[in-house]
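I have placed the structure first, in the form of C-alpha cells, so that the comments after it can refer back to it.
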Amino acid sequence: MATIGEITRELVATGRGILVADDYPPAFRDLVVAAPGLEAAVAGVVVPVEAVGRAADGLRACGVLTGVAADTRLAPLAGCPGESVAEGLDSLDGRLRRAAAAGAAFARWRSRVTIDDGRPTIAAIRANALALSRFAAAVQEMGLVPIVEVRVDAAGLQPMSTVECVVGLVLIEVLSELVQFGIDPGGLVLAAAPVLAGPRCPAPVTPFDVAAATVSTLSDVVPAELGGLAIVDRGQPAEVALANLAAIRRRPTPWPLTFCFGPALLGPALATWSGVPDAQRAGRGRQALAQQLETAVAALAGIDDLERLNGPASGG
C-alpha cells in the first residue's frame with residue numbers, strides 16, 4: 001500500500017494536474033473519466049463520494065488516482081455576515097471510510113475568504129483554518145492525502161498589494177492550525193488561488209504580475225517541506241487561468257507545483273456536449289476536453305497557449 005508521501009508525489013510531481021469534476025452531471029462526469037488520453041494530462045480526478053467506486057474502476061486502469069470531494073457545501077458562517085465556511089465535518093469519517101473502501105487515494109476540502117468592506121474577519125479566517133485542519137487530520141489518519149483549498153477572492157477595487165497581505169494572513173493562520181493538528185506536510189497538498197486584484201481595480205494586471213505576486217506571497221509563508229502546491233482556477237476565465245498558470249510555472253518554487261482545475265478545463269467540453277445524449281456531441285465534448293488538457297499540460301511546463309501554437313517569442 002502506498003504511503004501518503006508517495007501518493008502526494010504522484011499527484012504533484014509527474015508533470016500532470018488534478019481535475020475537479022465533482023460539481024457536474026453524472027453523465028458528463030462519465031464522459032470525462034472515460035476520455036482517451038486523460039492520463040497524459042491528469043494525475044488525479046475529484047468526484048463526489050457516491051461516484052468514487054465507478055470512477056476508480058476506470059481511472060485505476062490508466063494510472064490516474066481518484067479523489068473525493070469531502071465537504072458537503074459552503075455555508076453562511078453564523079455571526080459573520082457575508083462570510084462562509086465549508087460544512088461536513090460531523091459526518092466526515094463515514095464518508096472517508098466509504099470513499100477509501102471504494103478506491104479513493106485523496107480528498108479535497110474547500111475554503112473561501114472574500115475581501116470586501118470589513119471582510120474578511122479574523123473569526124472567519126480562524127473558522128476556515130480550523131475546518132481545514134480538522135479535515136486534514138482525519139484524512140491523514142485514514143491513510144489518504146488531504147488537499148486543503150485556500151481561495152481568497154477580492155470583490156472590489158482592491159489592488160494586488162492588498163490581496164497579497166490578506167492571502168499571507170490567511171495562509172499563516174491555516175498553516176499554524178495544520179501544525180497544531182500534527183499534519184505531516186510531506187503528505188499534504190495546498191491548493192491555492194493565484195493572487196488576483198479586485199475585479200474593479202483600475203490598474204492593469206498581467207500574468208507576469210500575477211505570477212510575481214503569487215510566488216512571492218506563497219514562498220514567504222509556505223514551508224519548503226510541503227508535499228506540493230496546486231494552483232486553482234476558481235473565479236477565472238479559462239484562458240486567464242491557463243495564462244496565469246504558465247506564468248507562475250516559469251518561476252522557481254521550493255515545492256512541486258501543479259494545477260487543480262475544474263471549470264477552466266471542463267467548461268468548454270460541457271458547453272460543447274450540452275447534455276444532449278448524442279454520440280456526435282459526446283465526441284465533440286471529448287475533443288474540446290482534450291484540447292484544454294493539452295493547453296494545461298503546456299501551461300504546467302511554463303508555455304502559454306500563444307507560444308504553444310506559434311513557438312516561443314524571440315527576445316530583444
Side-chain angles (χ1 to χ4, degrees), residues 2 7 10-12 14-74 88 91 94-110 139 144-145 147 149 189 191 230 232-234 238 241-242 258-297 300:
I7 296 169
E10 189 170 347
L11 278 174
V12 300
T14 59
R16 301 178 295 166
I18 300 163
L19 186 62
V20 181
D22 60 297
D23 201 20
Y24 292 88
F28 177 69
R29 196 164 49 243
D30 289 346
L31 179 150
V32 170
V33 168
L38 183 72
E39 68 277 8
V42 173
V45 178
V46 179
V47 298
V49 64
E50 65 273 11
V52 169
R54 182 181 178 93
D57 288 342
L59 293 173
R60 190 183 297 113
C62 62
V64 177
L65 300 174
T66 304
V68 60
D71 65 82
T72 55
R73 67 169 186 146
L74 287 172
S91 56
R95 293 198 310 282
L96 288 178
R97 290 184 191 283
R98 292 198 303 276
F106 65 98
R108 166 180 163 264
W109 189 276
R110 297 171 294 170
V139 172
L144 308 178
V145 170
I147 297 180
E149 182 177 310
V189 177
V232 305
D233 61 338
R234 298 287 177 172
L242 290 162
T258 189
F259 61 81
C260 187
F261 279 9
L265 300 183
L266 297 178
L270 181 62
T272 303
W273 174 65
S274 301
V276 178
D278 175 81
Q280 211 169 32
R281 282 286 187 96
R284 289 201 295 267
R286 288 194 185 96
Q287 187 176 13
L289 174 60
Q291 194 169 24
Q292 289 299 100
L293 290 173
E294 184 182 348
T295 305
V297 170
L300 200 52

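Nothing here was measured: the structure is a model prediction, and the numbers come from that model. What's counted below: heavy atoms across the whole structure, side chains too, no hydrogens, waters or symmetry copies.
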Tell me, please, which residues at least two apart from [X] pass side chain to side chain donor-acceptor pair (under 3.5 Å).
{"X": "Arg286", "answer": "none"}
{"X": "Gln292", "answer": "none"}
{"X": "Thr14", "answer": "Arg16"}

(message) Can you list everything that forms a ring-ring contact (aromatic ring centres under 6.0 Å, His included) with Phe261? Sequence neighbours excluded, please.
(response)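 Here the qualifying residues are Phe259.
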What's the spacing between [X] [atom1] and [Y] [atom2] if we round to 0.5 Å?
{"X": "Leu96", "Y": "Leu144", "atom1": "CG", "atom2": "CG", "result": "6.5 Å"}
{"X": "Ile18", "Y": "Leu11", "atom1": "CD1", "atom2": "CG", "result": "5.0 Å"}
{"X": "Cys260", "Y": "Asp233", "atom1": "SG", "atom2": "CG", "result": "8.0 Å"}
{"X": "Leu293", "Y": "Leu265", "atom1": "CG", "atom2": "CG", "result": "5.5 Å"}

Tell me, please, which residues at least two apart from [X] pass side-chain contact (heavy atoms from CB on, under 4.5 Å).
{"X": "Ala56", "answer": "Arg60, Thr66"}
{"X": "Ala105", "answer": "Ile7, Leu65"}
{"X": "Arg281", "answer": "Ser274, Val276, Asp278, Arg284"}
{"X": "Ala288", "answer": "Ala269, Thr272"}

(message) Applying salt bridge (Lys or Arg N to Asp or Glu O under 4.0 Å) as the test, list every pair that has at least one member in residues 261-272; sequence neighbours left out.
(response) none
Could you pull out every donor-acceptor pair under 3.5 Å between side chains of residues 25-33 and any protein atom, sequence neighbours left out?
| from | atom 1 | to | atom 2 | distance (Å) |
| --- | --- | --- | --- | --- |
| Arg29 | NH1 | Tyr24 | O | 2.8 |
| Asp30 | OD1 | Arg54 | NE | 3.1 |
| Asp30 | OD2 | Arg54 | NE | 3.2 |
| Asp30 | OD2 | Arg54 | NH2 | 3.0 |

If every non-hydrogen atom of [X] is compared with every non-hydrogen atom of [Y], which pair is closest and at what distance?
{"X": "Gly17", "Y": "Thr258", "value": "CA-OG1, 3.2 Å"}
{"X": "Leu289", "Y": "Ala35", "value": "CD2-CB, 3.8 Å"}
{"X": "Val46", "Y": "Ala69", "value": "CG1-N, 3.7 Å"}
{"X": "Ala296", "Y": "Leu242", "value": "CA-CD2, 3.7 Å"}
{"X": "Val297", "Y": "Ala41", "value": "CG2-CB, 3.3 Å"}

(request) Determine the sole option in Val42, Val52, Leu38 for which the side chain to side chain contact (heavy atoms under 4.5 Å, CB included) test with Leu59 is passed. (result)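 Of all the options given, the one that passes is Leu38.
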(message) Would you say that more than 12 heavy atoms from the other residues, nucleotides or ligands in this model lie under 6.0 Å from the CD of Gln287, or not?
(response) no
(request) May I have all residue pairs that pass ring-ring contact (aromatic ring centres under 6.0 Å, His included) and include part of residues 33-55, sequence neighbours excluded? (result)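 Qualifying pairs: none.
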(message) Within the 4.5 Å heavy-atom criterion, are Phe106 and Val189 side-chain neighbours or not?
(response) no
(request) Could you tell me whether the side chain of Val45 reaches within less than 4.5 Å of the side chain of Val64, counting heavy atoms only? (result) yes
(request) Could I get the full list of salt bridge (Lys or Arg N to Asp or Glu O under 4.0 Å) partners for Glu149, not counting sequence neighbours? (result)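 Salt bridge (Lys or Arg N to Asp or Glu O under 4.0 Å) check on Glu149 returns Arg108.
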